[in-house]
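A short write-up of the structure that comes next.
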Amino acid sequence: MCGIVGIVGQSSVNQTIYDALTVLQHRGQDAAGIVTIDGNAFRLRKANGLVKDVFETKHMQRLQGNAGIGHVRYPTAGSSSASEAQPFYVNSPFGISLAHNGNLTNTVDLAQSLVEKRRHVNTTSDSEILLNLLADELQETRTLSLTADEVFDAVAKVHAQTRGAYAVAAMIIGQGLVAFRDPYGIRPLVLGKHETATGTEYMVASESVALDAVGFEVMRDVAPGEAIYISLAGELFTRQCAVNPSYAPCIFEFVYFARPDSAIDKISVYASRVNMGAKLGEKIKSEWFEHDIDVVIPIPETSCDIALEIARCMDLPYRQGFVKNRYIGRTFIMPGQQERKKSVRRKLNAIDTEFRGKNVLLVDDSIVRGTTSEQIIEMAREAGAKKVYFASAAPEIRFPNVYGIDMPTSNELIAHGRDADEIAELIGADGIIFQDLTDLVEAVKLENPDIKRFETSVFDGNYITGDVDQSYLDHVNQLRNDDAKANRLKDIGTNLELHNVCHP
């Protein structure tokens with residue numbers, strides 16, 4: 001997962017992009033980058049690290065220009081070297097820089113087609129492939145000044161070649177900003193504007209909260225398959241560029257990734273999580289009607305709103321039993337099981353008085369490997385809990401994600417091939433309950449009934465793009481397991497097949 005931002009303004013945009021990226025930091029803590037257009041040149045700064053660490057005063061002073069894009073990423077199953085920090089750029093045609101959130105599923109074929117066209121790809125990133133595809137299509141225009149129709153025709157040709165998930169923001173020297181979203185709208189992208197004394201400024205970002213934070217008004221979500229083109233003169237153009245687009249946004253955005261104060265595709269993330277809590281609370285009451293639970297405690301922070309609603313439904317006390325260290329990264333994306341285990345203890349600390357002598361219901365947004373859940377249950381028992389029950393706001397995660405979330409291989413997913421009792425035994429819970437998939441979908445859909453389906457492949461194995469088969473998953477599994485990740489950390493290779501792994 002990652003976050004992207006793009007702005008065409010009336011004055012310098014470096015500080016606005018920086019501020020927006022800090023608000024999107026939850027979407028990626030591995031690397032950050034900003035590129036601006038200054039006259040006829042790109043000004044670029046990118047490196048591994050948090051936004052606040054990557055950009056010093058000297059870098060910000062150099063990032064001059066009234067238009068630019070920004071990116072934050074987290075480490076994936078591919079390389080997390082500085083060379084793969086975004087935005088990427090190519091010199092021809094015009095000079096194009098691109099930031100991408102998502103993952104392409106046909107990168108090997110695309111990479112081969114680029115080789116045949118004599119285009120060089122320098123990293124193991126599918127984002128650089130996407131950049132070169134766009135550049136190659138724009139090369140066909142052979143004009144010094146692009147029209148909106150020429151930009152949209154190029155995006156349409158990119159759609160026709162690519163498979164998978166992508167939300168993109170790209171800057172073209174001397175022309176403007178182009179942004180587009182895959183035909184299923186799997187990854188989010190929102191459009192906003194800001195009126196100034198000298199004209200209208202436009203912005204695109206992964207989440208609405210990024211626009212809110214810098215004073216932009218949310219206009220609407222970019223539709224699946226749609227492209228947005230904003231000239232450097234501040235003219236806004238839009239066009240549907242995909243054949244038969246349809247909404248299928250990633251439901252995991254609402255479960256875990258997005259900030260609660262964001263709205264994605266007219267769905268309040270906060271409200272959807274409250275709905276998840278209501279649905280799960282009713283299920284617990286129905287299936288555990290003779291329960292002996294004394295208190296409901298969330299595992300911070302995503303599950304707090306969910307747990308509060310469960311407590312309300314069950315007429316039980318709600319308590320904050322864990323204190324979170326906000327400076328530790330998300331554990332399920334860390335390379336290596338031992339590192340994940342150590343990180344949990346550094347990430348959370350239990351408040352003994354909330355556990356001692358009580359039967360507690362711990363609530364989390366989801367269970368992936370089970371590593372974090374097992375460690376937290378141990379912490380609850382060490383703090384004095386008599387019994388520890390566990391509730392997951394998401395169904396059992398049984399399948400890998402191929403659309404931009406670096407989840408582990410099937411064999412490393414605790415729910416793969418196991419039922420609830422087996423999972424409870426493995427993580428040391430006295431009982432466990434999962435949200436039903438139909439209830440999860442309904443909880444999110446309640447906020448926007450116009451969206452009829454969501455991308456739910458991690459739960460049901462139904463890959464919405466229709467091009468993911470077992471051989472593809474086997475290949476991804478070989479590249480994603482912990483041993484493979486450890487080897488890549490030691491030796492960052494250049495094998496084009498690495499494009500097939502999940503990249504933000």
Side-chain angles (χ1 to χ4, degrees), residues 2-9 12-18 20-21 24 28 31-48 51 54-55 59-60 62-73 82-102 104 114 119-139 141 144-146 150-151 154-155 158 162 166-181 187 189 202-206 210 227-232 503-504:
C2 73
I4 62 173
V5 175
I7 302 175
V8 175
S12 182
V13 297
N14 54 359
Q15 186 66 50
T16 306
I17 295 175
Y18 175 95
L21 290 181
L24 295 176
I34 294 175
V35 64
T36 59
I37 292 180
D38 182 15
N40 200 37
F42 282 133
R43 304 298 181 197
L44 171 65
R45 167 63 179 170
K46 61 178 182 177
N48 281 355
V51 174
V54 169
F55 302 102
H59 303 127
M60 297 298 288
R62 196 164 61 239
L63 291 168
Q64 296 301 308
N66 296 355
I69 57 176
H71 186 270
V72 289
R73 77 176 292 242
S83 66
E84 299 216 355
Q86 296 186 41
F88 290 114
Y89 74 93
V90 291
N91 292 325
S92 177
F94 307 105
I96 307 172
S97 182
L98 179 142
H100 164 220
N101 173 27
L104 305 183
L114 289 172
R119 296 200 71 94
H120 174 67
V121 178
N122 196 52
T123 71
T124 62
S125 170
D126 61 344
S127 302
E128 193 184 7
I129 287 183
L130 195 53
L131 167 62
N132 276 274
L133 285 174
L134 179 62
D136 189 64
E137 297 303 336
L138 289 173
Q139 188 81 54
T141 61
L144 295 178
S145 181
L146 289 171
E150 287 171 328
V151 172
V155 173
V158 170
T162 53
Y166 47 94
V168 171
M171 294 300 309
I172 308 172
I173 290 280
Q175 312 298 321
L177 167 70
V178 57
F180 53 94
R181 196 175 177 191
R187 300 268 71 89
L189 192 63
Y202 291 100
M203 176 178 176
V204 294
S206 294
I228 307 292
Y229 178 60
I230 306 160
S231 72
L232 294 181
H503 187 280

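Since the model is a prediction, treat every value here as computed from it, not as a measurement.
- Counting only distance, with no hydrogens or angles, the side chain of Lys46 and the backbone of Pro87 share a donor-acceptor pair below 3.5 Å.
- A donor-acceptor contact shorter than 3.5 Å is absent between the side chain of Arg45 and the backbone of Met60.
- For the pair Ala99 and Gln86, the tightest heavy-atom approach, listed with the atom from each and the gap, is CA-OE1, 3.4 Å.
- Put simply, the side chain of Ile34 reaches to within 4.5 Å of the side chain of Phe55, judged on heavy atoms.
- Taken from CG in Leu44 to CG in Leu63, the straight-line distance is 8.0 Å, to the nearest 0.5 Å.
- Atom NE2 of His100 is separated from atom CZ of Phe88 by 10.5 Å, given to the nearest 0.5 angstrom.
- Side-chain N/O atoms of Asn14 and Ser12 include a donor and acceptor closer than 3.5 Å.
- The minimum heavy-atom distance linking Ala32 with Val72 is given by the pair CB-CG1, 4.1 Å.
- Across every non-hydrogen atom of Gly70 and Ile17, the tightest pair is CA-CG2, 3.9 Å.
- Arg181 contributes a side-chain N or O that, together with a main-chain N or O of Arg187, makes up a donor-acceptor pair within less than 3.5 Å.
- Atom CZ of Arg73 and atom OG of Ser125 lie 7.0 Å apart (nearest 0.5 Å).
- One distance of note links CG of Leu131 with CG of Asp126; it measures 11.5 Å at 0.5 Å rounding.
- Here the side chains of Ser145 and Gln175 are in contact, with some heavy-atom distance below 4.5 Å.
- Remark: side-chain polar atoms of Ser97 are not paired, donor with acceptor, to backbone N or O of Met171 under 3.5 angstrom.
- With contacts defined as side-chain heavy-atom distances shorter than 4.5 Å, the pair Tyr229/Leu177 does not qualify.
- The two residues Leu189 and Ala179 make their nearest non-hydrogen contact at CD2-CB, 4.1 Å.
- Between the side chains of Thr141 and Glu150, no donor-acceptor pair is found at a separation under 3.5 Å.
- Contact between Gln64 and Thr36 at its shortest, heavy atoms only, is O-OG1, 2.7 Å.
- For Thr162, the side-chain contact (heavy atoms from CB on, under 4.5 Å) criterion is met by Leu104, Leu110, Leu130, Leu133, Val158, Tyr166, not counting sequence neighbours.
- Residues forming a side-chain hydrogen bond (donor to acceptor under 3.5 Å, both in side chains) with Gln139 (at least two apart in sequence, or on another chain): Ser92.
- In this structure, the separation between CG on Asn122 and CG on Asn132 is 10.0 Å, given to the nearest 0.5 Å.
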- Under the side chain to side chain contact (heavy atoms under 4.5 Å, CB included) rule, what do Phe94 and Leu146 come out as? Steps first, then yes or no, please. CA-CA 10 Å; Phe94 307 105; Leu146 289 171; 3.7 Å; yes

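- Summarising the geometry of Ala169 relative to Val5, their closest heavy-atom pair is CB-O, 4.3 Å, with the distance given to 0.1 Å.
- Side-chain atoms of His71 never come within 3.5 Å of backbone atoms of Cys2 as a donor-acceptor pair (strictly under, hydrogens ignored).
- If you take CG on Leu21 and CD1 on Ile4, they are separated by 10.5 Å, rounding to the nearest 0.5 Å.
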